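Chain letters run A, B, ... following the sequence lines, proteins first and then strands; every chain starts at 1. Keep in mind that this is a model prediction, so the values were computed, not measured.
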There are 2 protein chains.
Amino acid sequence: MDKLPDPEVSVTADDVAAAAGVSRWTVARAFKKDASISPKSRDRVLTAARRLGYAPDLLAASLASDRSNLVALITNDFNNPHKLVLLERLTRILSSHGWATLLIHMSDSDDASAALLAASQRRVDAAVLIGTRFDDSVLDTALGARRVKKLVVFARYSQNPNTLTIACDDILAMGRIADHLVEGGYRRPAFLAGPDTQSAKLHRKSAFIDHWRSRTGGDVATVHAEAYDFGAAIEAVSLLFTGAMDNRPDVLVCENDILAIGAMDALRYRLGLKVPEDVAVTGFDDIPLSLSPAYRLTTYRQPITQMAEALFEVLEGKREGDVLLPGQFIPRDTA
Amino acid sequence: MDKLPDPEVSVTADDVAAAAGVSRWTVARAFKKDASISPKSRDRVLTAARRLGYAPDLLAASLASDRSNLVALITNDFNNPHKLVLLERLTRILSSHGWATLLIHMSDSDDASAALLAASQRRVDAAVLIGTRFDDSVLDTALGARRVKKLVVFARYSQNPNTLTIACDDILAMGRIADHLVEGGYRRPAFLAGPDTQSAKLHRKSAFIDHWRSRTGGDVATVHAEAYDFGAAIEAVSLLFTGAMDNRPDVLVCENDILAIGAMDALRYRLGLKVPEDVAVTGFDDIPLSLSPAYRLTTYRQPITQMAEALFEVLEGKREGDVLLPGQFIPRDTA
DNA sequence: TTGTAAGCGTTATCAC
DNA sequence: GTGATAACGCTTACAA
């Protein structure tokens, strides 16, 4: 009768080796994909392993090999539902390739050093910054405490040379949105952005403004919400429209969907305006809510799956340099 | 001149020991909270450590001590924005207590074994299941592959005796909601639940029905959405109301906010009904969107912070047994 | 193709 | 209060 795996006793490669009558090294080889091992040995090892309930200890492996197949996902923006989409895609795709993910919360107040220290103490192979709410000075401190082998900025831009950016091509994206608006006959756009800190994150804003200017020669009004959530967007938009009702914008171009949804709420429930009849709105991200009949938001979808795959390639060292991928314009009813 | 920390070379406790003129063990002691070490030695060690840029390697520590201070957060329900709130709170609170979190995606199709195996291979001290979409058979397979020291079910109920539940007290909660509705004069409630699988997750449904019956003697209609997202809720509610318009429900009690929001969208945009004038709606969770002027949803907030703190105590072995905590009723405009 | 020996950076045990 | 020594479970040489 087969012995059942005993949960109390941890079974190691040595146990399997003894059971299969081979060396510990051969056991390790049997679990490697492309190892020089005879099919017979491998089979014997795997059978024994299954019977004993053995699974390699990745912690010990990491320590010995100095490679953990572990990434830290560091983020600070838990208000935006888009984060959930990013986390879902990243964990799913990375784990399908054998990578585990450490989720690290970076509070707004303190800098990234603490997060990176935590990551490095767990010996991650790379740290991935996912977020919109930190500016580039954060990266400098992070890199000062350079304890992490690779630092990737995901779904956001970074000019920092020691950092690798994987993102959606914002210039292309905002150009596409601007084109759509020009062709739709809109003439007085306003851009609703997040907090106005000195950083590269306002890429979308400048990309839109540049493109709009070159196509129409016209100017673009600008508002900053105090945070990336719809509450802040409601305040910002209310303020904007109560100010100058005589020559009000005919379209609100928003840095992301959550701001766009706040903008729509403000227009409808605070200002009594209709979307898109009175004012049109565009977003960015295509969060699930954008599809809801209450919003039906015209937006732009980031190529998250491809971005996640690109991250995987970067982690494996199969790819170098920044990655900028084109997304997809999603026209719905709000513009 | 002080040498700057060299990122290329990893500095170990031995280096610090040499620099401080003590043994490696003393270095370790200096980093322990309540270790028997003289203040002088500790100070000398910490100074040397700071100068060399030393931080203990938690991987090696885990291997040696058989304690990783690492938890696996396993989830499969990335459609519900409430997950983001849970993740935020858990990572923040756990990390403030020195615990790191592994985020593991459990795909709907396969069982929990893969996720638990992944967790155990990283030697987590506990696995925490966060989700609504698995039924109890999943727990059985998970426990069959019993590789993880502790298995906690968070923000959901489990009857499994090998599992520890930390959740909001649903009976109390649904009782509170039912009371509010009875007092509000509602008479024909319908309950909108998620997918109808055989499991304990329909706790809220039965809790509401029981309470409603005992207070009014009346029955409660029931609908099941095919998934926990607002698209599925829209379909389910549309179907329910096109069926029997003669004696339609006057209030829709929803298992959570995301279903409630879908229900409201269906009522307003598909059926042309007004909330709460024609049909009232209640939710559960108090996700950020519930506060939006488009919804202003009457709902019930789970005590997430306390639940997270309870999890911490369970992890540290300071607490045993299931934890059921009371939440807070949040009356807004929809009921 | 397979086995042997020496690490990886910490903690645990037990002396001093 | 402090230090030596043996684990922890694996991988990386290198030798057979």
Side-chain angles (χ1 to χ4, degrees), chain A residues 8-46 48-49 52-70 98 100 120-125 147 149, chain B residues 8-46 48-49 52-70 98 100 120-125 147 149:
Chain A
E8 302 306 319
V9 172
S10 67
V11 22
T12 76
D14 279 327
D15 302 330
V16 177
V22 297
S23 76
R24 165 156 36 114
W25 215 155
T26 304
V27 174
R29 273 189 277 253
F31 280 90
K32 287 212 160 194
K33 240 197 164 159
D34 41 351
S36 61
I37 183 178
S38 69
K40 211 184 96 195
S41 309
R42 163 169 279 156
D43 197 54
R44 203 150 41 140
V45 168
L46 291 184
L52 298 174
Y54 168 77
D57 182 331
L58 264 29
L59 215 62
S62 305
L63 181 60
S65 69
D66 198 36
R67 193 181 192 271
S68 60
N69 273 40
L70 226 200
S120 74
Q121 289 195 276
R122 300 275 173 186
R123 285 185 165 242
V124 299
D125 288 336
R147 295 196 147 86
K149 303 171 196 168
Chain B
E8 303 304 320
V9 170
S10 66
V11 23
T12 75
D14 279 327
D15 302 330
V16 178
V22 298
S23 76
R24 165 153 38 111
W25 219 153
T26 303
V27 173
R29 274 189 275 252
F31 278 91
K32 287 211 161 195
K33 247 212 158 145
D34 41 351
S36 59
I37 182 178
S38 69
K40 209 184 99 196
S41 308
R42 164 170 279 154
D43 197 54
R44 200 147 45 138
V45 169
L46 292 183
L52 297 175
Y54 168 77
D57 182 331
L58 264 28
L59 216 63
S62 304
L63 181 59
S65 69
D66 199 35
R67 193 180 192 274
S68 59
N69 274 39
L70 186 66
S120 73
Q121 288 194 275
R122 300 275 172 186
R123 287 189 165 237
V124 298
D125 287 336
R147 297 198 145 87
K149 302 171 196 168

(request) Kindly compute the distance separating CD (Gln121(B)) from OG (Ser62(A)), expressed to the nearest 0.5 Å. (result) 10.5 Å
(request) Please round to the nearest 0.5 Å and tell me the distance separating atom CG of Asp66(B) and atom CG of Asp125(B). (result) 8.0 Å
(message) So if I take every side-chain heavy atom of Ser23(B) and compare against dG3(D), dT12(D), dT10(C), which nucleotide ends up nearest?
(response) dG3(D)
(message) Using the side-chain heavy atoms of Thr26(B), tell me which of these nucleotides is nearest: dT2(C), dC10(D), dT2(D).
(response)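 Looking only at side-chain atoms, Thr26(B) lies closest to dT2(D).
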Looking only at non-hydrogen atoms, find the nearest pair between [X] and [Y] and report the distance.
{"X": "Leu46(B)", "Y": "Ala30(B)", "result": "CD2-O, 4.2 Å"}
{"X": "Ala48(A)", "Y": "Ala19(A)", "result": "CB-CB, 4.2 Å"}
{"X": "Asn69(B)", "Y": "Gly98(B)", "result": "ND2-O, 3.5 Å"}
{"X": "Arg42(B)", "Y": "Arg29(B)", "result": "NH2-O, 3.4 Å"}
{"X": "Val11(B)", "Y": "Tyr54(B)", "result": "O-CD1, 3.2 Å"}

Provide, to the nearest angstrom, the distance between the [atom1] atom belonging to [X] and the [atom2] atom belonging to [N].
{"X": "Lys32(A)", "N": "dC10(D)", "atom1": "NZ", "atom2": "P", "value": "13 Å"}
{"X": "Arg24(B)", "N": "dA12(C)", "atom1": "CZ", "atom2": "C1'", "value": "12 Å"}
{"X": "Trp25(A)", "N": "dC14(D)", "atom1": "CH2", "atom2": "C1'", "value": "12 Å"}
{"X": "Gln121(B)", "N": "dG9(D)", "atom1": "CD", "atom2": "P", "value": "14 Å"}
{"X": "Arg29(A)", "N": "dG9(D)", "atom1": "CZ", "atom2": "P", "value": "21 Å"}
{"X": "Asp14(B)", "N": "dT11(C)", "atom1": "CG", "atom2": "C1'", "value": "13 Å"}

(message) If you assign each of Arg123(B) and Val22(B) to its closest nucleotide in DNA chain D, which residue comes earlier from the 5' end?
(response) Val22(B)
(request) Specify the residues of residues 57-67 of chain A, ordered by number, for which at least one heavy atom lies under 4.0 angstrom from an atom of DNA chain D. (result)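 Listed by number, they are Asp57(A), Ala60(A), Ala61(A), Ala64(A), Ser65(A).
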(request) Please work out if Tyr54(A) contacts a base, only the sugar-phosphate, or nothing of the nucleic acid, heavy-atom cut-off 4.0 Å. (result) sugar-phosphate
(request) Tell me what Arg42(A) touches on the nucleic acid: a base, only sugar-phosphate, or nothing, going by heavy atoms under 4.0 Å. (result)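 Answer is nothing: Arg42(A) stays at 4.0 Å or more from every strand.
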(request) Have a look at the helix from dT1(C)-dA16(D) to dC16(C)-dG1(D) and give the angle its two end axes make, five pairs each, rounded to 10 degrees. (result)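 End-to-end axis angle: 30°.
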(message) Do Arg123(A) and Leu59(A) have side chains that approach each other closer than 4.5 Å (heavy atoms only, starting at C-beta)?
(response) no
(message) Could you check whether any side-chain N or O of Asp15(A) sits under 3.5 Å from a backbone N or O of Thr12(A), counting only pairs where one atom can act as donor and the other as acceptor?
(response)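 Answer holds: yes.
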